[in-house]
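Contents: one structure, followed by commentary.
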There are 2 protein chains.
Amino acid sequence: MNGQELLKQHISKTATLTDEQFDYFFSHFTLLSFKKGQTIISEGDEVDCEYFVVSGCLKAFFINDDIKMYILQFAMSTWWTSDYNALYSHSRATINVDCITDAEVLCLKSADREKLCAEIHQVEHFFRWRTNRGYVASQKRLLSFMNNDAKKRYEELLTLYPELYNLVPKHLIAAYLGITRETLSRLYNGR
Amino acid sequence: MNGQELLKQHISKTATLTDEQFDYFFSHFTLLSFKKGQTIISEGDEVDCEYFVVSGCLKAFFINDDIKMYILQFAMSTWWTSDYNALYSHSRATINVDCITDAEVLCLKSADREKLCAEIHQVEHFFRWRTNRGYVASQKRLLSFMNNDAKKRYEELLTLYPELYNLVPKHLIAAYLGITRETLSRLYNGR
DNA sequence: CCTGCGATGTGATGTATGTCACATAATTAA
DNA sequence: TTAATTATGTGACATACATCACATCGCAGG
């Protein structure tokens, strides 16, 4: 499915747009192609876009002072990603986004999103619900962090997104779970 | 400040409503008073409201199988709280909300929120931004969990919300930080 | 087809935090 | 005020996970 159809179908689950409204909405997006390993947002960048993933897999991650990486989010087809903190507070990026595989994304400028939200009530409705879902997912992950040990979180992740198992290297899975690659290795090989 | 003024001022930071629109909006809220220790949402309840805190302090928390408590959110004046997972997925509550101190809250039914969002574009705008902020805060807390040890998270919490120090017992602070009360006690008394 | 580097496995050891047990201080209820 | 409950402190010990060091494996580029 191409990006336009994918986005149309994605939005129609939450909001009702006429064909003309959708075409107008879609006209604000730019299709970008990236190769595996390419960077989309770097720490320190001015962030003014968010991204709807058409194909491939991205990661949004944070690098701490000890150069350890923590993955905030994997983003696959129909997922949205950006540095929402920077985007919302108009500050510089503190997280990075890059490509785990070759990827195609639809880029929407923040100013355009706000314009579209103001112009088309249903677009604002869509973004409210999208963020709702993100918020709930984020709270669930937080709870999982507090309540479950690394093994349980690993199993939970693979239950929720089995496609990740073959798609992303294990040291990235570890970085998502908040543990080291060594510990992850020991979890599924006995001890 | 009374609840109506507080809510009006709170909303005006994000959305522009006429006085008539605000009065109509406000007419959907119910003022409720609770005593310290009273429960607002219990696990298993049907959840159909969210709450705007006028005064006092609430906690939203999860109890695991070992009867250990994890606090998802403290909620003080001008904060919103509920079991948003249950609210949006129309499922039963998996978290609890109760009162750390005597509290006054404004209750908004989910059905009314959706109605108001559909009727008044600026109301939908307000709720989109409110959830945005919640989402960003939740991601920050997630990062803090992965990147910082308990001591740093404790200092971070007190920097962000110094009023909590005198307001809530330390075992609740521990439950928010995801550690035991013993560990928290050892953090600020030297070892 | 090499060659080199990124990804993974595994042992030895260190450390933060949990668990359990008990003492004491501070609130709340009667 | 007294009694009961809840909150807090502290020691001894257990455990999950990190760290560091090194070995192996597999794949990508020259």
Side-chain angles (χ1 to χ4, degrees), chain A residues 35-39 57 59 61-71 74 98-102 142-158 164-191, chain B residues 34-39 56-57 59 61-71 74 98-102 142-158 164-191:
Chain A
K35 289 281 169 202
K36 177 176 176 175
Q38 271 194 286
T39 295
C57 183
K59 65 176 191 285
F61 60 102
F62 174 77
I63 304 281
N64 76 359
D65 298 339
D66 303 333
I67 322 187
K68 268 177 74 165
M69 173 179 61
Y70 296 102
I71 294 182
F74 292 114
D98 71 17
C99 301
I100 295 176
T101 66
D102 291 357
L142 199 56
L143 257 188
S144 177
F145 244 93
M146 297 203 273
N147 191 29
N148 299 143
D149 64 12
K151 182 160 199 178
K152 226 168 167 186
R153 295 204 304 279
Y154 175 62
E155 287 160 0
E156 211 171 66
L157 178 65
L158 290 190
L164 287 178
Y165 186 81
N166 295 309
L167 192 61
V168 322
K170 297 208 190 309
H171 73 276
L172 295 184
I173 303 268
Y176 181 90
L177 296 173
I179 58 178
T180 60
R181 53 175 199 79
E182 293 97 326
T183 296
L184 179 60
S185 167
R186 289 178 173 109
L187 285 182
Y188 48 81
N189 307 322
R191 195 105 294 263
Chain B
F34 292 98
K35 288 282 167 199
K36 177 176 177 177
Q38 271 194 288
T39 295
C57 183
K59 64 178 194 281
F61 60 103
F62 173 78
I63 304 280
N64 77 358
D65 298 340
D66 303 334
I67 323 188
K68 267 177 74 166
M69 174 179 60
Y70 296 102
I71 293 182
F74 292 114
D98 70 17
C99 302
I100 295 176
T101 66
D102 292 356
L142 200 56
L143 257 187
S144 177
F145 245 92
M146 298 202 274
N147 190 29
N148 300 143
D149 64 12
K151 183 161 197 174
K152 227 169 167 187
R153 295 204 303 281
Y154 175 63
E155 288 160 359
E156 212 171 67
L157 178 66
L158 289 191
L164 287 178
Y165 187 81
N166 294 310
L167 191 60
V168 321
K170 298 207 189 312
H171 73 276
L172 295 184
I173 304 268
Y176 181 91
L177 296 173
I179 59 179
T180 60
R181 56 175 196 79
E182 292 97 327
T183 296
L184 179 60
S185 166
R186 289 177 172 111
L187 285 181
Y188 48 79
N189 307 323
R191 192 103 296 261

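Convention: sequence-line order gives letters A, B, ...; per-chain numbering from 1.
B:F74 has its ring centre less than 6.0 Å from the ring centre of B:Y176.
No contact: A:K151 has no heavy atom under 4.0 Å from any strand. As judged by a 4.0 angstrom heavy-atom cut-off over every strand, A:G178 is placed among residues touching the sugar-phosphate backbone only. As judged by a 4.0 angstrom heavy-atom cut-off over every strand, A:K36 is placed among residues making no nucleic acid contact.
One interatomic measurement links the two molecules: CG of A:L184 to C1' of C:dA7, which rounds to 12 Å at whole-angstrom precision. If you take CG of A:D66 and C1' of D:dA18, they are 12 Å apart, rounded to a whole angstrom. Atom-to-atom, CD1 of B:I179 to P of D:dC17 comes out at 16 Å; the value is rounded to the nearest Å. Remark: C1' of C:dA16 and CZ of B:F145 are 14 Å apart, rounded to the nearest angstrom. Distance, B:H171 NE2 to C:dT19 P: 16 Å, rounded to whole Å. Between the CZ atom of B:R181 and the P atom of C:dT19 there is a distance of 12 Å, given to the nearest Å. When rounded to the nearest whole Å, the span between CE of A:M69 and P of C:dG6 equals 13 Å. For the pair A:Y70 OH and D:dC17 P, the computed distance is 14 Å after rounding to whole Å.
Cation-pi geometry between A:K151 and A:Y154 is not met: the NZ or CZ atom fails to fall both under 6.0 Å from the ring centre and inside 45° of the normal.
For the OP1/OP2 pair of D:dT8 and a distance below 4.0 Å, the side-chain nitrogens and oxygens of B:Y188 include no atom meeting the criterion. For A:K68, a side-chain nitrogen or oxygen approaches OP1 or OP2 of D:dT19 to under 4.0 Å.
Distance from the side chain of A:T180 is smallest to D:dT19 among C:dT10, C:dT17, D:dT19. Distance from the side chain of A:T183 is smallest for D:dC17 among the nucleotides D:dC17, D:dG9, C:dG18.
Summarising the geometry of B:M146 relative to A:G178, their closest heavy-atom pair is SD-CA, 4.0 Å, with the distance given to 0.1 Å.
Rounded to the nearest 0.5 angstrom, A:I173 CD1 and A:L184 CG are separated by 7.5 Å. Expressed to the nearest 0.5 Å, how far CG of A:D149 lies from OG of A:S144 amounts to 9.5 Å.
For A:E182 and D:dC17, a side-chain-to-base donor-acceptor distance below 3.5 Å is absent, hydrogens and geometry of angles not being considered. No N or O donor and acceptor, one from the side chain of B:R186 and one from the base of C:dG18, sit under 3.5 Å apart.
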